[in-house]
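Chain identifiers are assigned alphabetically (A, B, ...) following the order of the sequence lines, protein sequences preceding nucleic acid strands; residue numbering begins at 1 within each chain.
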Protein chains: 2
Amino acid sequence: MSDFLVIPRSAHDSLVSKAYQSRGFSADEAAEGAKLAAEAARHGIRTHHALKALHLDHLFGSAAGGCTPGAEIEVLPSRFPASERWNANKKLGQSVAYRAINRAIELADQFGIAQIAVDNAFHYLWGGGYVMEAAERGYYAYTNCTSALAEVVPFGGKCPTLGTNPHSWAFPTTEAIGFPICIDWATSTVAMGRVQQLLREGKPLPPGAAVDENGQETTDPAKVKALLPFGAHKGYGLSLIDEILAAYTGGSLPTLRSRWGAGPADEKHTPCFFFQCIRPEALDCGDFAQGRSQTQNVRAVIEDILGHGNEGCMLPGEPEARFARKSEQHGGLLFTQAEIDAFAQIAREAGHPFDAGRLRQAEV
Amino acid sequence: MSDFLVIPRSAHDSLVSKAYQSRGFSADEAAEGAKLAAEAARHGIRTHHALKALHLDHLFGSAAGGCTPGAEIEVLPSRFPASERWNANKKLGQSVAYRAINRAIELADQFGIAQIAVDNAFHYLWGGGYVMEAAERGYYAYTNCTSALAEVVPFGGKCPTLGTNPHSWAFPTTEAIGFPICIDWATSTVAMGRVQQLLREGKPLPPGAAVDENGQETTDPAKVKALLPFGAHKGYGLSLIDEILAAYTGGSLPTLRSRWGAGPADEKHTPCFFFQCIRPEALDCGDFAQGRSQTQNVRAVIEDILGHGNEGCMLPGEPEARFARKSEQHGGLLFTQAEIDAFAQIAREAGHPFDAGRLRQAEV
């Protein structure tokens, strides 16, 4: 693999916190933003670490009216004890998401299953981070959200009216197999960032990934006008789930989302979040073959799936777990030289000390 | 379209009930089996109506040890009030599924969200039927199950160790748009039945659908040894969800499922079910743009998605709703001549009157 430089976790977190605070976010919000960014970097999620987070905040967030530093979450009264409804008041998405998944865990402890619906949200960046944390703590967790922009064309259509609307599930499989299985992806075949990367590299898109201005499928990144859902009508259905759940919660027209100033004055432009946690004990019917415990049964099923000649297959969450082990071995978060340069720029802007020349190299 | 013959619903239900009862099922079970079969036929689900149901019972069910007519569901004690754990004792899958979705609705009325985990289950045939019923009654419902046989190869693997493991979601959108949006499919690109159909017709498979005996992708239906998940690693992840949820519930090794007699004597061979219902009021954060009601907001979001040049797109559940209208127009359930011949055979075997010659024709 390639050369990385190591930023110690504490140095990373204080720099990212400072960057958030310099934009007006509270110490709590800054710490939650830094935590999610560190978790993304630690697991090798290069598309959703601090650089993306701060860039998104600039494009759609505190600089653009989509996110309000210091906002307070309003927990609306609910007559359903396993459910909560939150008005996030455009608070930093990572803060809201960490608090929501924690609350869903508390409610799942009582009810076996629990949900939190969040309206007036801002981007939470990496759904996998929240469900993986819940899974590490012993819960089967799920989240989805409506993405910032409508970039995806419905199956059979021409115009992008859906977000890349991701889904993230994680299972508490650490005791069984050493890491949480985490299924976490957007419902488009590729992200728009990938199209731009392929354009720079002069490479074609995979089939079924994008359409041109006439709504015709194209593999030429220069001609891409909008993205396609993965798996034809199946990915389209999965994308619709996020939009419709958001519509029940309080989200408005997808084509107006994050487009502050577009549409009538009484329109809304915010995404929505949905969180769910399940206690595995609530699923346990107590009748496992060969006298296995629940954990032993989960391990046996996974070993069966990856046996019989399938030993080369990976589980979702496995690449992230491997990268986390490398981060641990190197005693910090691993970034490329180009990323370090961008961090140095952020440090200068925030007036925070950051000596890129003193970072250790790591052959990963 | 093609010519159909009309079986009145009451004639269909009494024939299918009689067929189930002649196999030893109770009147309740027979009625629940007939109801799901009728609902599948009414919505044009030609792959999961009575003929498939009775054939599956023959292959894997009451004739094979996978299903026990007259079995009683055991509701296990749960310390989690929004969750139940059921031991189905291999009762007819349709009976268990209708009762589970009804119970999930009752619990969702109290808690906003509720789940039922079912162990020792038998095939429930068509998950869409249960969630669509819940959606018609006003709930956002979800179910998944582990399929009878391991026919699907994990992403990057060679050997089929996963079921075609379906997911079914339905939204209570009837008031908003006239029918429930229902997202309902297997996690394989195609079903094994489709491979056999293409073999008979001398047609190739779509790409990404199947592998040959060496684990190499093939589009030749004659060479198919196993199926592939749709959407590469994404469909693989969705298939894993059913297996892992089942593993927490009580399901055992996928490669032994429905293979009665294979493996050690203390192994299990039954699938599992998972049901979930959500009250839309529990999601409603009360802040819809332009003063819309929740229902008006859902309609506005869907109109936005299917606007802007996307008017030709369909929603999941729309073909089923259209077929249901045709069934209604023709005053019964619509079957092809070949299907009517198969019903006549079932009637003869069950000793039930069925005069195929008197059925009305319907140009659909």
Side-chain angles (χ1 to χ4, degrees), chain A residues 76 78 80-83 85 87 111-113 115 117 119 154-159 161-162 169 171 181 183 185 230-231 234-235 237 241 243-244 247-250 252-255 264 266-268 279-280 282-285 287-290 294 297-298 300-301 304-305 308-310 312-313 316, chain B residues 76 78 80-83 85 87 111-113 115 117 119 154-159 161-162 169 171 181 183 185 230-231 234-235 237 241 243-244 247-250 252-255 266-268 279-280 282-285 287-290 294 297-298 300-301 304-305 308-310 312-314 316:
Chain A
L76 302 165
S78 175
F80 301 105
S83 295
R85 310 174 301 150
N87 175 0
F111 299 103
I113 185 169
Q115 66 185 351
D119 192 20
F155 180 63
K158 295 175 184 178
C159 177
T161 57
L162 294 163
W169 295 263
F171 287 94
I181 289 179
I183 298 146
W185 26 252
F230 86 95
K234 296 186 181 182
I241 287 174
E243 295 293 349
I244 299 169
Y248 280 103
T249 299
S252 194
L253 311 190
T255 58
D266 56 350
E267 259 300 344
K268 288 176 71 175
R279 275 280 291 239
L283 304 169
D284 179 346
C285 290
D287 179 26
F288 299 105
Q290 305 201 290
Q294 191 184 44
N297 196 58
V298 169
V301 166
D304 189 49
I305 293 167
H308 313 279
N310 296 333
C313 295
Chain B
L76 302 165
S78 175
F80 301 105
S83 294
R85 310 174 302 151
N87 175 2
F111 299 102
I113 185 169
Q115 66 185 350
D119 192 20
F155 180 65
K158 295 176 184 178
C159 177
T161 56
L162 295 163
W169 296 263
F171 287 94
I181 289 180
I183 298 146
W185 27 251
F230 87 94
K234 296 186 182 183
I241 287 173
E243 295 292 351
I244 299 169
Y248 280 103
T249 299
S252 194
L253 312 190
T255 59
D266 57 349
E267 259 300 344
K268 288 176 72 176
R279 276 279 292 239
L283 304 169
D284 179 347
C285 290
D287 179 26
F288 299 105
Q290 305 202 290
Q294 191 184 44
N297 195 58
V298 168
V301 166
D304 190 49
I305 293 167
H308 313 279
N310 296 332
C313 295
M314 275 203 291

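- To the nearest 0.5 Å, the span separating CD on A:Q290 from CG on B:L253 amounts to 7.5 Å.
- The shortest heavy-atom contact between A:F111 and B:S83 is O-OG, 3.3 Å.
- Between chain A and the residues B:E243, B:R279, B:M314, the most heavy-atom pairs under 4.5 angstrom are made by B:R279.
- With rounding to the nearest 0.5 angstrom, the CG atom of A:D119 is 11.0 Å from the CG atom of B:L283.
- What you find for A:C313 and B:F155 is that their closest heavy atoms are SG-O, 3.4 Å.
- Here the closest heavy-atom approach between residue A:A247 and residue B:V301 is recorded as CB-CG2, 3.7 Å.
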Q: Apply side chain to side chain contact (heavy atoms under 4.5 Å, CB included) to A:I113 and B:F80, showing your working.
A: CA-CA 8 Å; A:I113 185 169; B:F80 301 105; over 6 Å; no
Q: Take A:C285 and B:N87 through the side chain to side chain contact (heavy atoms under 4.5 Å, CB included) test and state the conclusion after the steps.
A: CA-CA 7 Å; A:C285 290; B:N87 175 2; 5.8 Å; no
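- By number of non-hydrogen pairs under 4.5 angstrom with chain A, the leading residue of B:G156, B:S252, B:G309, B:G157 is B:S252.
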Q) Should A:N310 and B:K158 be marked as a side chain to side chain contact (heavy atoms under 4.5 Å, CB included) after you check the CA-CA gap, both sets of side-chain angles, and the distance that decides it? A) CA-CA 6 Å; A:N310 296 333; B:K158 295 176 184 178; 4.2 Å; yes
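- Taking each heavy atom of A:E267 and B:A289 in turn, the nearest pair found is OE1-CB, 3.3 Å.
- Chosen from A:A300, A:G235, A:P254, the residue pairing most often with chain B at heavy-atom distances under 4.5 Å is A:P254.
- Taking A:D284, A:I305, A:D304 one by one and counting their heavy-atom pairs under 4.5 Å with chain B, the maximum is reached by A:D304.
- Scanning both residues, B:P316 and A:G237, for their nearest heavy atoms gives CG-CA, 4.3 Å.
- The most heavy-atom pairs under 4.5 Å with chain B, out of A:G312, A:P154, A:P280, come from A:P154.
- Of all heavy-atom pairs between A:I244 and B:F171, the closest is CG2-CD2, 3.5 Å.
- When each of A:D287, A:I183, A:L76 is scored by its heavy-atom pairs under 4.5 Å with chain B, the top score falls to A:D287.
- If you tally non-hydrogen atom pairs under 4.5 Å between each of B:I181, B:T255, B:L162 and chain A, the highest count goes to B:T255.
- When each of A:C159, A:G250, A:S78 is scored by its heavy-atom pairs under 4.5 Å with chain B, the top score falls to A:C159.
- No side-chain donor-acceptor contact under 3.5 Å links A:K234 to the backbone of B:G231.
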